[in-house]
Amino acid sequence: MPTFREVLRAAEITIKDNTSGRRMHEIEKIFRAHHAFSGLTPEKATAILEDLGPTFVKMGQIASNRSDVIPKAYADAFKQLRANVAPVPFEVIVQTIEESLGHPWRETFADIEEKPLGSASVAQVHRARLAQGLGDPVAAGAQEERPTAKAARGGAATAQGPVVAVKVRRPNVVEQMAEDITLIRHALALADLTHMTDGIMLTLGDLVDELARTTAEELDFTVELGNLERFGAELASQPHVESPRPYPEFSTDEVLVMEYVEGAHINDLPALRAQGDDPAALGRRLAESYVTQVIDDGFFHADPHPGNILVRGEDIVWIDLGMTGTLSASERAIVGRLFASVAKNDPYALKDALLALAKAHGPVDHGLLLGQISALLDSYASIDLADINVGTALLDVIEVMRTQNLTLPPSLTMLARGMVTIEGVLVDIAPETSVVEIISDHVKRQALSFDALESKAKSLLMASAASAEAATRLPTQVSHTLDMLDRGQVKVGADLHVPADFTAALYAVSGTVAMALISAGLFVGSSLIAQTAMQPQLLGVPLLGILGYLGAFVLGVYVIWRVLLTRHQQRNDEKVE
């Protein structure tokens, strides 16, 4: 039976819902077809998202990185979501490009291939070439050798400008995404009325808020443009590691122009060997690059699956920077402590590091949390340090935190998923590479850096100043406490939590003892009455005495039965009642 508060919440969202009634009916029909209101499973939830369409698939892909908010089984299932979207007609793409540029597309591009390189739920990507004189001239190489497709609307393609990838936002996707998010809020309000369990409804409302923010960023291509610029700048210090060059002068919030990268996927061993690359060396460089992004730069690729990592010649090229994670300097330091705690098998340090990052959404049993972390570390104690799977270990830690009403920053769950993906790639191309050892080296170097030493010195100085200040107040505080104690103004309170089983057993035993005392009292009292001439009598004995003997006998038998029953329950480890 829904509560009055839940009914009001559903009504409020319904009143505010100005979206299409047809779309709402369509969503409700899909929910009922999958029997969603009778409970959800990971497989059922994935099927529902696929049937609901591209925008819901995109939301599921984003949710797959939040295993601290939704159960791990759901996050794993959502990771398999792939948006198979029919391409937008080329004429619509050209119209969007021209509206974005503010002039005919031929003033910027020499040609644009009509067939898209990829078509996803948010955008569509086309290979193109900048017009002569725009961008840098193309150096002789693989890209120059590939013939350019014939331009749309007729006309021969020129080969003067650099080859680029043009990412164009699908028409009306912003409005459709906003409508679908509103409908999701409506569906959640209705789902609350059915009390759906399975753990997925715990903080799903907060998750939808995060999805709204994240999808808004993904729909604005200026965010990805900034990611490309920052990522390229930070990769400059990593030899043979690159990312596509962006062209901000031709990019807007709905069109993103970047360098076109052609190469083998990082896990395509035959192609890598065919172009003369050493997979083991590439794997080591890939792991070094990712750990550098996380530990040193605090800005990392959040979706590092093999399709987003290409090998061009000797260079590793990271593409598709639509989803990135960011760690502040303090978060990076705590992440370093986290990894060091796992390496040292120190549950206390790991618990402190996690609590420094986590946000509580309910009561936390710190004793149980420490026990869970200790058990988790014990499971890794028998494994060689080099063989520990960092991503899996992080996901295990996140699952433990979720059971204690604790959530970690989204960037940390993205990091855990990213580590799992990177280590999966390493298994294929460089199984001897140990991510743990690379992380340990970076953490040690970071701890000895000038910035880290300066930060530690500042922390030590501030802690010393605080301790000195507290020491000056201590005599006065002790004096006041002794004065209050002397006046009887100090009270000590205690809150004892006695287990329910112990309390029940205590009541049972005390009741048995009380009945035994009553039985004994009746027997003694009846014996005294039997010596008198009290009337009425039965067989020369006062009737009241006879009744007393009878009551004492019944209670005595009951007490003996209770004692034997209690003894039996204790010997068989049963609950004492």
Side-chain angles (χ1 to χ4, degrees), residues 54 83 85-177 218-229 231-232 242-263 308 310 312 317-322:
V85 184
V88 176
F90 185 68
E91 293 74 16
V92 177
I93 293 295
V94 168
Q95 180 182 355
T96 303
I97 293 175
E98 291 184 338
E99 290 176 354
S100 172
L101 294 174
H103 56 253
W105 66 270
R106 286 186 176 279
E107 295 183 17
T108 300
F109 300 101
D111 64 83
I112 303 175
E113 290 189 1
E114 183 171 349
K115 183 180 179 180
L117 296 172
S119 180
S121 56
V122 171
Q124 191 163 300
V125 182
H126 289 258
R127 185 177 185 269
R129 189 184 292 275
L130 292 176
Q132 183 177 6
L134 297 179
D136 297 330
V138 177
Q143 292 183 2
E144 185 65 28
E145 294 170 1
R146 177 177 175 179
T148 306
K150 202 160 187 177
R153 300 183 184 178
T158 63
Q160 300 301 318
V163 179
V164 295
V166 184
K167 186 174 183 179
V168 184
R169 192 170 67 200
R170 297 176 73 90
N172 304 318
V173 69
V174 175
E175 295 78 8
Q176 182 65 53
M177 190 73 77
E218 287 209 17
L219 290 171
D220 185 357
F221 288 170
T222 59
V223 175
E224 185 173 351
L225 175 65
N227 292 341
L228 282 167
E229 292 175 330
F231 207 71
E242 300 176 352
S243 63
R245 171 194 169 183
Y247 290 88
E249 61 271 28
F250 309 126
S251 301
T252 64
D253 63 334
E254 58 184 349
V255 175
L256 176 62
V257 181
M258 69 193 105
E259 173 191 5
Y260 174 75
V261 179
E262 191 169 19
N308 287 337
L310 302 179
R312 181 176 58 187
V317 186
W318 298 85
I319 64 173
D320 193 359
L321 272 295

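What you are looking at is a predicted structure, and each value in this text was computed from that prediction instead of being measured.
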If every non-hydrogen atom of [X] is compared with every non-hydrogen atom of [Y], which pair is closest and at what distance?
X: L310; Y: G263; answer: CD2-O, 4.0 Å
X: P87; Y: P116; answer: CB-CG, 3.9 Å
X: V122; Y: L219; answer: CG1-CD2, 3.6 Å
X: F221; Y: L256; answer: CD1-N, 3.9 Å
X: L130; Y: Y247; answer: CD1-CE2, 3.9 Å

Would a distance-only check, ignoring hydrogens and angles, find a side-chain to backbone donor-acceptor pair under 3.5 Å from R127 to V163? no
Would you compute the distance between atom [atom1] of [X] and atom [atom2] of [Y] and round it to the nearest 0.5 angstrom?
X: R129; Y: I112; atom1: CZ; atom2: CD1; result: 13.0 Å
X: N227; Y: S243; atom1: CG; atom2: OG; result: 10.5 Å
X: E229; Y: M258; atom1: CD; atom2: CE; result: 12.0 Å
X: E107; Y: E98; atom1: CD; atom2: CD; result: 9.0 Å
X: L225; Y: T252; atom1: CG; atom2: OG1; result: 9.5 Å
X: I319; Y: F231; atom1: CD1; atom2: CZ; result: 11.5 Å

Below 4.0 angstrom, N of the basic side chain to O of the carboxylate: do E259 and R312 qualify? yes
Is there a side-chain contact between E254 and V174 (heavy atoms, below 4.5 Å)? no
Is V317 close to P244 at the side-chain level, that is, under 4.5 Å between some pair of heavy atoms? yes
Would L101 and V255 satisfy side-chain contact (heavy atoms from CB on, under 4.5 Å), going step by step from the backbone distance to the final call? CA-CA 9 Å; L101 294 174; V255 175; 5.9 Å; no
Donor + acceptor pair across side chains of T96, R170 (<3.5 Å): no
When you compare the side chains of Q95 and E99, does any donor N or O come within less than 3.5 Å of an acceptor on the partner? yes
Whether F250 and F109 hold their rings parallel, tilted or perpendicular, with breakpoints at 30° and 60°: tilted
K167 and its side-chain hydrogen bond (donor to acceptor under 3.5 Å, both in side chains) partner, picked from H126, E224, Q124: E224
